[in-house]
Amino acid sequence: MMDWTDRHCRVFHRLMTRRARLYTEMLTTGAILHGDRRRLLGFDASEHPVALQLGGSSQRDLATCAKIGEDFGYDEINLNVGCPSDRVQDGRFGACLMAEPKLVAACVDAMKRAVNIPVTVKCRIGIDKQDPEVALDALARDVVAAGADALAVHARKAWLDGLSPKENRDIPPLDYDRVYRLKAALPDLPIIINGGIGSLSEARAHLSRVDGVMLGRAAYQEPWRLLTVDPDIFGEPAPHATMKDAFEAMMPYVERELARGTRLHAITRHFVGAFHGVPGARAFRRHLAENGVKPGAGANVLRDAIALVEDRATVSVAA
Ligand SMILES: Cc1cc2nc3c(=O)[nH]c(=O)nc-3n(C[C@H](O)[C@H](O)[C@H](O)COP(=O)(O)O)c2cc1C
């Protein structure tokens, strides 16, 4: 998620679930081709399985960037056909590509030819005046024909004409049934549903209709929910019984990053929702807010913040 997630966040989330697939924020082909690749694409080995999400609409550039991503070690390349920001429309990528399914398919085809890892697409159910019954089927059928390995669908339209990117994540109504109908029409295509899914019990209900569930804001704002992904979705033990245990396992990474010159706040900014509802959570947040941003703040700031929180066992799926 652009401006929210980064590799520090993914390392943190990976400590709570071994099985969930993690995605990078969207990186445009222009940024990858002309920017600091190591900074943009570098990631920690613990993050696997991790997908690189690309934004673009040039077949040649997407193929080149997909190959660069594969060479960096990513497990999947995902093409963004859902992001509604103005900046993105000007560059002719993101959600506006819902109007150009043939172009999206040509992009998928070019990326498939360039790499041996799965190539997937994330889209909306439609944009603006499109009829989602027609638009989503058209996009899905074309990308399947081009060899797409899966489709993640944010189950609402993007209204490019008039809504801000933030409004486009909340105002157009969710239509999960539209995504279920797509699965029924294309049973061989793995379909991942996304949008407004706030808990793992909701996620589990979707899994009776589609193949996967993608959590955006709930995963970021309430990361403690991820501690129950492995037991409740995959029937496997959680990597750590408590959030405090997960933080203990995070410490060597934090210390390594601080030694490389990363500022503590760049990592701890992702921890704001870690202890939601647990006694001491507010003191934890306040301690990090006041001390984590100071120049030279070290790992002891995080340790002291964690010590302010009561320890709790894994939260149940019903939470
Ligand atoms: C701050 C922010 C940044 C986002 N950036 C991206 C992005 O880079 N790529 C993408 O596919 N979706 C992005 N999204 C959309 C989410 O992935 C997701 O589709 C949307 O928030 C709906 O799912 P949710 O209700 O689970 O959050 C972003 C969302 C937010 C809130």
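Numbers for residues simply follow the sequence, beginning at 1. In listed order, ligands and their atoms are each counted from 1.
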May I have a table of the N/O to N/O pairs between ligand 1 and the protein that fall below 3.5 Å, each row giving the two atom names and the distance to 0.1 Å?
unit_1	atom_1	unit_2	atom_2	d
ligand 1	5 (N)	Met2	N	2.9
ligand 1	8 (O)	Met2	N	3.4
ligand 1	8 (O)	Met26	N	2.9
ligand 1	9 (N)	Gln53	OE1	2.7
ligand 1	9 (N)	Asn80	ND2	3.3
ligand 1	11 (O)	Gln53	OE1	3.3
ligand 1	11 (O)	Gln53	NE2	2.8
ligand 1	11 (O)	Asn80	ND2	3.4
ligand 1	11 (O)	Lys122	NZ	2.8
ligand 1	12 (N)	Lys122	NZ	3.0
ligand 1	17 (O)	Lys122	NZ	3.2
ligand 1	19 (O)	Lys122	NZ	2.9
ligand 1	19 (O)	His154	ND1	3.4
ligand 1	19 (O)	Asn194	OD1	2.6
ligand 1	23 (O)	Asn194	OD1	3.4
ligand 1	23 (O)	Asn194	ND2	3.0
ligand 1	25 (O)	Gly196	N	2.7
ligand 1	25 (O)	Arg217	NE	3.4
ligand 1	25 (O)	Arg217	NH2	2.8
ligand 1	26 (O)	Gly216	N	2.9
ligand 1	27 (O)	Arg217	N	2.8
ligand 1	27 (O)	Arg217	NE	2.8

| With a 3.5 Å cut-off and no angle check, do the side chains of Tyr220 and His13 form a donor-acceptor pair? | no

| request: Output every pair passing salt bridge (charged side-chain N to carboxylate O under 4.0 Å, His left out) with a member in residues 147-160, not counting sequence neighbours, ordered by first then second residue. | output: Lys112-Asp149

| So which pairs with a foot in residues 54-64 pass salt bridge (charged side-chain N to carboxylate O under 4.0 Å, His left out), sequence neighbours left out? | none

| field | Residue pairs fulfilling salt bridge (charged side-chain N to carboxylate O under 4.0 Å, His left out) with at least one residue in residues 210-220, sequence neighbours excluded | value | Asp170-Arg217, Lys183-Asp211

| query | For Asp6 and Arg269, what are the C-alpha separation, side-chain angles and deciding distance, and is it a salt bridge (charged side-chain N to carboxylate O under 4.0 Å, His left out)? | reply | CA-CA 11 Å; Asp6 58 17; Arg269 74 186 184 96; 3.4 Å; yes

| query | Does any non-hydrogen side-chain atom of Val229 lie less than 4.5 Å from one of Leu215? | reply | no

